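Data first, discussion second: the structure below is written as structure tokens.
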Amino acid sequence: MLKKLMLGVLGLVVLVVGIILVRTFTYGGSPVGGRVELPAAPEISAESAAEHLAEAIRFKTVTLSGGDPRPGQEGAWLSLQDWLVDTYPAAHAAMTRETVPGTLTLLYTWKGSDPSLKPLLLMAHQDVVPVNIGTEDDWTGAPFAGEIIDGYVYGRGAIDDKGNLIGLMEAAEGLAASGFQPKRTVMFMFGHDEEVLGSGAQAGIALLKSRGVEPEMALDEGFMVIDPSPITGKSMAFVGVSEKGYITLKLTVVAAGGHSSQPPRNSADVALSRAIVALDENQMPADFSKPPVSELFLASGQDMPFMQRMALANLWLFQGAVESSMAKVPAGNAMIRTTTAPTMLSGSAKENVLPQRAMAMVNFRIHPNDTPESVMAHVKEVTKDIEGLEIEIGGDGISSPASPVSPTDNRAYAVLASVAAEVGNGAPVAPALVIGATDSRYAAAITQNIYRFAPALMSPEDLTGFHGTNERISVENMARLSKGYAQVILGMDGPDS
């Protein structure tokens, strides 16, 4: 009897090991989405594109808060826009340009010859974030000097997002100068205030919607080819197919207050602290079964180390370990769940006075698996036993859901994946979740095919320049951007599918 039991257990172990190995070796064998043969793009000078970006950086289009630029402070934007006209004459001769009413957002239209084809919408933004006071001398090239040093263009906006804007205009100029006439209408929208909630792009999308415009694809900033990728340790391209939503909740505890010499056991500060700790210890759930997370892992499977690949191929057995491992890395944790971030705290105005109101702002970046309503329900459930706690939407009352997950089985994704693979010299291409916000989130009102990708190849070191010190982009990447955007336009210049 014991022998039969032992043989049965052994057989079960062999079966489980066999299943694990088969699933591991067959995981991620095929790329996500299709691929297309890319047409040749016109020759575009990398050095000229880099110099044009350097010039664009010198226009200090800095936004600090909603409503920027204030009346009378539009000079940098208007000068940049005049410069675009002078710098790209062929593109401006081929396209019509308008300013979205009530904004400084630009909308270009390059009319196609086939009105039955839905248009292509390409997006970027003109504004940049400020430079932290006192850090100016830490830059290799001055933040707004637009200097080219050792093969890199330095300056605020080089990556976010004037590099992409200039890349788009270089592509348009090159195509127009070569005599290209699109079959599919091509539209460019350059928002003026993306860094402060993007009211310009929102108005621009509303304008297109009022005209009945339904793009076949909207493309904006977000991801690129990263070498090495933090997932595989090798070169890998990411195409954003969704981006996180946003909500800030205000947590308030009201108490009697009084002198600190006679503190109660559960003061307002203590109760509020318990709420924050409860939220930190009870994170929103992760879900590996749905796109874009499921497709991201699948697309990167072939390049993963064996143990990592085995765990992801067998989540039925290893999901707890995978979730625990990813949760330890901020970027990994942001990828798999709605994140919880206490950001602002306030209480007493003096060190020996107990607060009558203790308040915390907690910011949540909402995963496509969740909604603003489910976040609120989660917070209420986790903190339900904390007496006197009030919960309401904080900040400016702004709340937005995650954007819908765009499909990967259409021509739009196939074109982007093909461009990305070429930029990455054959690197795998994976759908991914953008953890920040872009102007393209508003485009969900007019199309389901929204993607966030720039045809550039960057290292993790390069990416530290986003909103940071020494923001820069290589001259070589300016060539990639210009060529890649031209290939996107050419690759999409055919029947919808």
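As the structure is a prediction and not an experimental result, all values here were calculated from the model.
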Worksheet item: Which is it for Asn477 and Met458 under the side-chain contact (heavy atoms from CB on, under 4.5 Å) test, yes or no, and what are the steps along the way?
Response: CA-CA 8 Å; Asn477 266 325; Met458 297 187 185; 3.9 Å; yes
Item to complete: Hey, could you give me the CE/CG distance between Met359 and Leu272, rounded to the nearest 0.5 Å?
Response: 9.0 Å
Discussion item. To check you understand the geometry: which heavy-atom pair defines the closest contact between Glu471 and Ile159, and what is its length?
Written reply: OE2-N, 2.9 Å
Worksheet item: So how far is it from Asp220 CG to Tyr451 OH, rounded to the nearest 0.5 Å?
Response: 14.0 Å
Discussion item. How long is the straight-line distance from NZ of Lys234 back to OG of Ser300, given to the nearest 0.5 Å?
Written reply: 11.5 Å
Practice prompt. Report yes or no: do Thr447 and Glu216 form a side-chain donor-acceptor pair below 3.5 Å?
Written response: no
Worksheet item: Does the Asp287 side chain pair with the main chain of Ser289, one donor and one acceptor, at a distance under 3.5 Å?
Response: yes
Discussion item. What verdict does the side-chain contact (heavy atoms from CB on, under 4.5 Å) test give for Glu422 and Leu38, after you've listed the backbone C-alpha separation in whole Å, the side-chain angles of each residue and the deciding distance to 0.1 Å?
Written reply: CA-CA 9 Å; Glu422 181 172 299; Leu38 293 172; 3.7 Å; yes
Response to the item:
Residues Thr105 and Ala201: closest non-hydrogen pair is OG1-N, 3.9 Å
Worksheet entry | Between CG on residue Leu433 and CD on residue Glu295, distance to nearest 0.5 Å | 12.5 Å
Response to the item:
In this structure, CG of Asn333 is separated from OG of Ser324 (nearest 0.5 Å) by 10.5 Å
Worksheet item: Between Arg309 and Gln302, which heavy-atom pair has the shortest distance, and what is it?
Response: NH2-NE2, 3.0 Å
Worksheet item: Is it the case that more than 12 heavy atoms not belonging to Lys483 sit under 6.0 Å from its NZ atom?
Response: no
Practice prompt. Kindly say whether Ala437 contributes a backbone atom to a donor-acceptor pair with the side chain of Arg365 at under 3.5 angstrom?
Written response: no
Fill in: Basic-acidic side-chain contact under 4.0 Å: Glu323, Arg337
yes
Worksheet item: Does a side-chain heavy-atom distance below 4.5 Å link Pro431 with Pro291?
Response: no
Worksheet item: Ser48 and Met478: side-chain contact (heavy atoms from CB on, under 4.5 Å), yes or no, with the steps?
Response: CA-CA 9 Å; Ser48 178; Met478 289 310 300; over 6 Å; no
Item to complete: Search all heavy atoms of Gly146 against all heavy atoms of Ala54 and return the closest pair with its distance.
Response: O-CB, 3.0 Å
Worksheet entry | Candidate list Asp385, Leu279, Thr383, Ile386, test side chain to side chain contact (heavy atoms under 4.5 Å, CB included), partner Arg274, passing option | Ile386
Practice prompt. Please determine which of Val434, Val405, Ile366 meets the side chain to side chain contact (heavy atoms under 4.5 Å, CB included) test together with Glu243.
Written response: Val434
Item to complete: For a side chain to side chain contact (heavy atoms under 4.5 Å, CB included) with Met217, tell me which candidate from Val415, Leu416, Leu121, Ile450 qualifies.
Response: Leu416
Item to complete: Step by step, work out the salt bridge (Lys or Arg N to Asp or Glu O under 4.0 Å) result for Glu381 and Lys384.
Response: CA-CA 5 Å; Glu381 175 62 26; Lys384 64 183 179 182; 2.9 Å; yes
Worksheet item: Are there more than 12 heavy atoms of other residues, nucleotides or ligands under 6.0 Å from atom CD of Glu476?
Response: no
Item to complete: Determine whether Tyr485 and Asn164 make a side-chain contact, defined as any pair of heavy atoms from C-beta on separated by less than 4.5 Å.
Response: yes
Discussion item. Between Arg452 and Glu221, does any side-chain N to carboxylate O distance fall below 4.0 Å?
Written reply: no
Worksheet item: Can the ring centroids of Phe190 and Tyr108 be said to lie less than 6.0 angstrom from one another?
Response: yes
Worksheet item: Under 3.5 Å, is there a donor-acceptor pair between the Asn363 and Thr248 side chains?
Response: yes
